[in-house]
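Worksheet: one structure, shown below.
Counting begins at 1 with the first residue of the sequence. For clarity, every value in this text was computed on a predicted model and none was experimentally measured. When a ligand or atom number is given, it counts from 1 through the structure's own listing order.
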Amino acid sequence: MKEIFLCKCGEIVLKGANHSFFENALIKELKFRLKTFGSVKVSHAQSTVYVEPSEGVDLDGVFDALTRVFGIVTIERAAVAEKNMDAIKATIREYIPAFMSDKRTFKVEAKRADKRFPLKSPEIAAESGGAVLSACPYLRVNVKNPDVIVRVEIRENAAYISAGSFKGAGGMPVGTNGKGLLLLSGGIDSPVAGYMMAKRGVKIDAVHFESFPYTSERAKEKVMELARLVTRYSGSMLVHVVSLTKVQEELAKNCDEEYFTLLLRRYMMAIAEKIAKKNDCLALITGESVGQVASQTMQAIAVTNEAVSMPVFRPCIGMDKEEIVQISRKIDTFETSIQPYEDCCTVFTPRHPKTKPELLKVLEQERKLDFDALVAEAVETKEEIYIPFEA
Ligand code: ATP
Ligand code: MG
């Protein structure tokens, strides 16, 4: 018996004239991502994407990969039957019992997209229901509130039989909303921020700031591991690694300690903006959340934001730490994020950071150094690491 996946696209179906742009992007992404599993056919008709693995392909692996593809709202695993009632009933008897061990009630929903099929939908449902009951006599029909809905769809090429659908990743196909540059640290929040923007169709590049030898090679490897985990959703990612060692040493030598973090964050933003512009990224993305730490008070964020003119997206801005943690667990970055390695923000930290900074005073401190020259030097000496998509 052949099994396929029927994927329903949510929001992208509503995109009017642009609808095929989104659908084509999804199909292209699926074809690329599923290549590693062998021969898998991907096609679409009537706002459904058909994913048809050839014989011998790892179906569970394909299903798992599908759950991380943005643009898919529900995934149905379905058996394929010939378009006649005997074949459909035989397939129901063979395929459906495996899904029913923990179920007590069901109903059948039949849909006849191919109007040439001789039976009408209610008749298909009645006959199919009979087949379910004969294979699983312990089940009862419950039309109002069934434990599971058995779907029988008669389409152009075949009949499809499924028992229940699974939640997809939602969102929009990656790349359909331009590219953004994620400021990726080793913490919990920034990988989540990257995931959230990728979910809205934004392709992600990243910049990571290190402060070697104050931060270690292992700390950097941890961040690359986080990037790799995010690519499972976002697709491949180019990570720019920038050294802030010189900036931090100069700040420590020349500026008031209570301003270190704020000044450093302005450097980060300015460097990131330069890299973003060179790489066609239209916005910066950070994992900031109001009030989380001293550098994320409203006043501090305003001062940091002032260093750039590009839009800065902060998808975690209104979330509690616990809510961010929940997402990081879902996307499997949490365990890596909590590994205790130093970050460039945790070296040279002021004992009493300014929590309500005034921009004029910050700029006064900033003028003690040649900001533009330090930014340019940091950008010039950066390293690039390409993280390929991993299924
Ligand atoms: P995270 O959990 O992502 O580390 P955080 O709660 O530790 O965030 P901060 O350290 O103040 O908060 O950083 C705020 C944001 O600044 C991060 O979410 C990230 O986008 C960016 N950022 C911080 N440190 C770095 C770094 N070393 N490289 C790149 N971006 C960074
Ligand atoms: Mg951090």
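Residue contact check for ligand 1: Arg265 places a non-hydrogen atom closer than 4.0 Å to it.
Between the Ser162 side chain and the Gly164 main chain, no donor and acceptor come within less than 3.5 Å of each other.
Applying the 4.0 Å criterion to heavy atoms of Thr286 picks out, from ligand 1, the atoms 20 (O). Close approach of ligand 1 to Gln296 is summarised as follows: ligand atoms under 4.0 Å from at least one heavy atom of the residue are 9 (P), 11 (O), 12 (O), 13 (O), 14 (C). For ligand 1, the atoms closer than 4.0 angstrom to any heavy atom of Gln292 are 5 (P), 6 (O). Atom numbering of ligand 1 starts at 1 in the shown order; those under 4.0 Å from a heavy atom of Ile188 are 1 (P), 2 (O). The contact set between ligand 1 and Val207, taken as ligand atoms under 4.0 Å from a residue heavy atom, comprises 29 (C). Heavy-atom proximity to Gly287, at under 4.0 Å, picks out these atoms of ligand 1: 17 (C), 18 (O), 20 (O). Those atoms of ligand 1 that come under 4.0 Å of a heavy atom in Asp189, given as number and element, are 1 (P), 2 (O), 3 (O), 5 (P), 6 (O), 8 (O). Counting atoms of ligand 1 from 1 in the listed order, those under 4.0 Å from a heavy atom of Ser295 are 11 (O).
Donor-acceptor pairing under 3.5 Å is lacking for the side chains of Tyr138 and Arg104.
Ring geometry, Tyr195 versus Tyr233: the interplanar angle exceeds 60°, so the pair is classed perpendicular (tilted spans 30 to 60°).
No more than 12 heavy atoms of other residues, nucleotides or ligands sit less than 6.0 Å from atom CD of Glu82.
In Leu184, the part holding a heavy atom less than 4.0 Å from any atom of ligand 1 is the backbone.
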